[in-house]
2 protein chains.
Amino acid sequence: MTVTLADVAARARVSPATVSRVLNGNYPVAASTRERVLRAVDDLDYVLNGPASSLAAATSDLVGILVNDIADPFFGIMAGAAQTQIGGPGDGSGRAGGEKLAVICNTGGSPERELTYLTLLQRQRAAAVVLTGGAVEYPAHQAAMAAKLAKLADAGTRIVFCGRPPLPEGDALVAALAFDNRGGGRRLTEHLIALGHRRIGYVAGPPERTTTRHRLEGHREALRGAGLDTDPADEERLTVHGPYDRRSGYEATLEILRREPGVTAVVAANDTVALGACAAVRDQGLRIPQDISVAGFDDLPFSVDAVPALTTVRLPLFEAGARAGRLAMGKENPPPGGIATIAAELMIRGSTAPPRVG
Amino acid sequence: MTVTLADVAARARVSPATVSRVLNGNYPVAASTRERVLRAVDDLDYVLNGPASSLAAATSDLVGILVNDIADPFFGIMAGAAQTQIGGPGDGSGRAGGEKLAVICNTGGSPERELTYLTLLQRQRAAAVVLTGGAVEYPAHQAAMAAKLAKLADAGTRIVFCGRPPLPEGDALVAALAFDNRGGGRRLTEHLIALGHRRIGYVAGPPERTTTRHRLEGHREALRGAGLDTDPADEERLTVHGPYDRRSGYEATLEILRREPGVTAVVAANDTVALGACAAVRDQGLRIPQDISVAGFDDLPFSVDAVPALTTVRLPLFEAGARAGRLAMGKENPPPGGIATIAAELMIRGSTAPPRVG
DNA sequence: CTGTTAGCGCATTCAA
DNA sequence: TTGAATGCGCTAACAG
């Protein structure tokens, strides 16, 4: 029924070992023999048995890419980019050669699912794992992650972080590409301050995530730098946390406007949240940017099409994802020290302007 | 070094077979024995060897989800939804039980890569494959796909189409969830005609894709129904094809406005394209919807936040993806005849209005 | 309910 | 450059 390597060997009149060598390509085989084997493969429409091959070789061609929310283009762009470096372009024959299988795993932002997926990938003896997006900072989870990743690395799985800071207790067992969320957040708020804003609302992400914390820290750094951090209680009052989605942006913004009608600008944790913030501002009968400035983070593709176009911080998601993919494949050397910080670029557009006078 | 099932058996003082039975859970085992085994598993931090297990069982716990472009939320939403039904919620232990590993494969819309991924999944002896999005209609590719899918089905892989029409020569070997692209396209254009529009530009997707063809056919059906299809050359002139991205929407719209300055409405192949169309309209100094109405398709999350909010056709992407996931898991029975058509709902919003008089 | 016995299909020694 | 032999770690009969 199912064609095996032995069938191919028989038809090509060689030993199974030779067929294996041809298929894996990492061993000298006479050209004529190779020819004969490949013809037999095509004739029989043979497809390698992955599990058997992985069992014998003790490694698989699976590469896992973990994301928090694949419906969010932030992750979609990084994951897609990583996959371009891993899957290989194919040779056009559809026959599939030595390519790796890049697989995207959607954790939904849940620490448990993150661990479960890592176990599943460990079970598959994955060749590499790419972890994208911010991490959850619960100590117990961090410890569990560190232990799990150590075990994976131990088993020969390459670990790459993409857009995520290295673990606190992180040994040099990983390569990490971290976004400069703090710097980006700082420059964004500095921009608002330079425009003349003094009371700035902040719609933050979930408090337990590193991304949230770093962006917020950048924001407060800027406030502090301008001497605007006079009252900590005030800062609290102008900050509302919520998930990284539109609805949260909408509701948090309403809340901020309720708490402090005098805000002249709202900074959102990311562009999706900013869209919700814009909707809330508009629904209150206020104009952007004349009455309230709004800013986002990430510079997702749709942000330039918002009306007015969204001021935001650009993260090179595609480039970072592609680089992570290459690191996972061992096609590129890790950065010095294992960690590279990826710069964030301030994109000033129409959604921010000086506050109304008075 | 690496702990095996035999090690667990030894520590639990049972046979390897018993351990296997406990782990797979599909066989009666005494509670006390199970207890002992599970403790041994935890003590030794044992993780099943997936390849070995797949080899012996001749099936794996991999489920493939093929998408054209994972950076596009259209696919991200469907893929994420499918994964919720496949990955299982986990048991919170991070230990991973009998879950399947749902993996997303990004074809980039390339027929070759689509085939390559199917081969890779075939090699892994995938339990199921979900194909999302429109198909490419090149006869050679369709034949190759049919052959490949037949082989997969033959090997016991469940095949599910999601948002994609069944193959022409499709046997009943698959379950297919098809979107009513034609009906949605028709109703959208009927809406514009009812508003009074007579010269409607159409920014279509790539000509070789079923999605493109069906939406365009719906559009023309509506024109025909209103007696507006008087001149085929005219219809050609008002239709411009391009990829499903923002840039294409921008450029095609400029082209349409150049060819026929008298258009009062532009229909885009999807929402992303519509965003580009809006930008083009605006850059020409025209207002939406006063000067030109613009409509999209899909109702992606950002569409309601466009200004004005985008009139579009809602596709229940999440629900469809989740259902596809359940079908792939065998948790739900296939629809009668193997094919279900999923309704599309017209969402009338601010971006469409009656044309200016005169 | 549990143990014993055979492979699953391939990569990799070691010889030739 | 090629062939023969061995075992990867597990599941699935079949007994008991």
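Chain identifiers are assigned alphabetically (A, B, ...) following the order of the sequence lines, protein sequences preceding nucleic acid strands; residue numbering begins at 1 within each chain.
Protein atom CG of B:Asn49 is 14 Å distant from nucleotide atom C1' of C:dC10, rounded to whole Å. We find that CG of B:Leu23 is positioned 13 Å from P of D:dA12, with the value rounded to whole Å. Residue A:Leu48 contributes atom CG, which lies 10 Å from atom C1' of C:dA11 at whole-angstrom precision. For the pair A:Arg34 CZ and D:dT2 C1', the computed distance is 14 Å after rounding to whole Å. Rounded to an integer number of Å, the gap from B:Leu55 CG to C:dG9 P is 7 Å. The distance between atom CG of B:Asn24 and atom P of C:dC1, rounded to the nearest whole Å, is 17 Å. To the nearest angstrom, C1' of C:dT2 lies 15 Å from CZ of B:Arg13. Rounded to whole Å, atom C1' of C:dC10 lies 13 Å from atom CG of A:Asp61.
Contact annotation: A:Ser20 does not reach the phosphate of C:dC10 (side-chain N/O to OP1 or OP2, under 4.0 Å). For C:dT4, neither phosphate oxygen OP1 nor OP2 lies less than 4.0 angstrom from any side-chain nitrogen or oxygen of B:Ser15.
Nucleotides of DNA chain D nearest to B:Ala52 and B:Arg21 differ in position, and the one nearer the 5' end is that of B:Ala52. Positionally, the nearest nucleotide of DNA chain C for B:Thr33 lies more toward the 5' end than for the other of B:Arg125 and B:Thr33. Each of A:Val47 and B:Ser32 has a nearest nucleotide on DNA chain C; the 5'-most of these lies closest to B:Ser32.
Put simply, CE on B:Met329 and NZ on B:Lys100 are 5.5 Å apart, with the number rounded to the nearest 0.5 Å. Atom CG of A:Leu121 and atom CG of B:Leu101 lie 5.5 Å apart (nearest 0.5 Å). Once rounded to the nearest 0.5 Å, the distance linking OG1 of B:Thr132 with CD1 of B:Ile70 reads 8.0 Å.
The side chain of A:Thr4 approaches C:dC10 more closely than any other nucleotide in the set D:dT2, C:dC10, C:dC1. Closest to the B:Val14 side chain, of the nucleotides D:dT11, C:dG9, C:dG3, is C:dG3. The side chain of B:Ser53 approaches D:dT11 more closely than any other nucleotide in the set D:dT11, D:dT1, C:dT2. Among D:dT2, C:dG9, C:dC8, the nucleotide with an atom closest to any side-chain atom of B:Ala56 is C:dC8. In the set C:dT12, C:dC10, D:dG3, C:dT12 carries the atom at the smallest distance from any side-chain atom of A:Ala57.
In summary, A:Arg326 and A:Glu319 do not engage in a salt bridge, as defined by a charged side-chain N under 4.0 Å from a carboxylate O.
The residue B:Ala17 sits close to a base: some heavy atom pair falls under 4.0 Å. Residue A:Leu5 is in sugar-phosphate contact alone, with no base atom involved, counting any heavy-atom pair closer than 4.0 Å across all strands shown.
Residues A:His141 and A:Glu114 have side chains that bring a donor and an acceptor to within less than 3.5 angstrom of each other.
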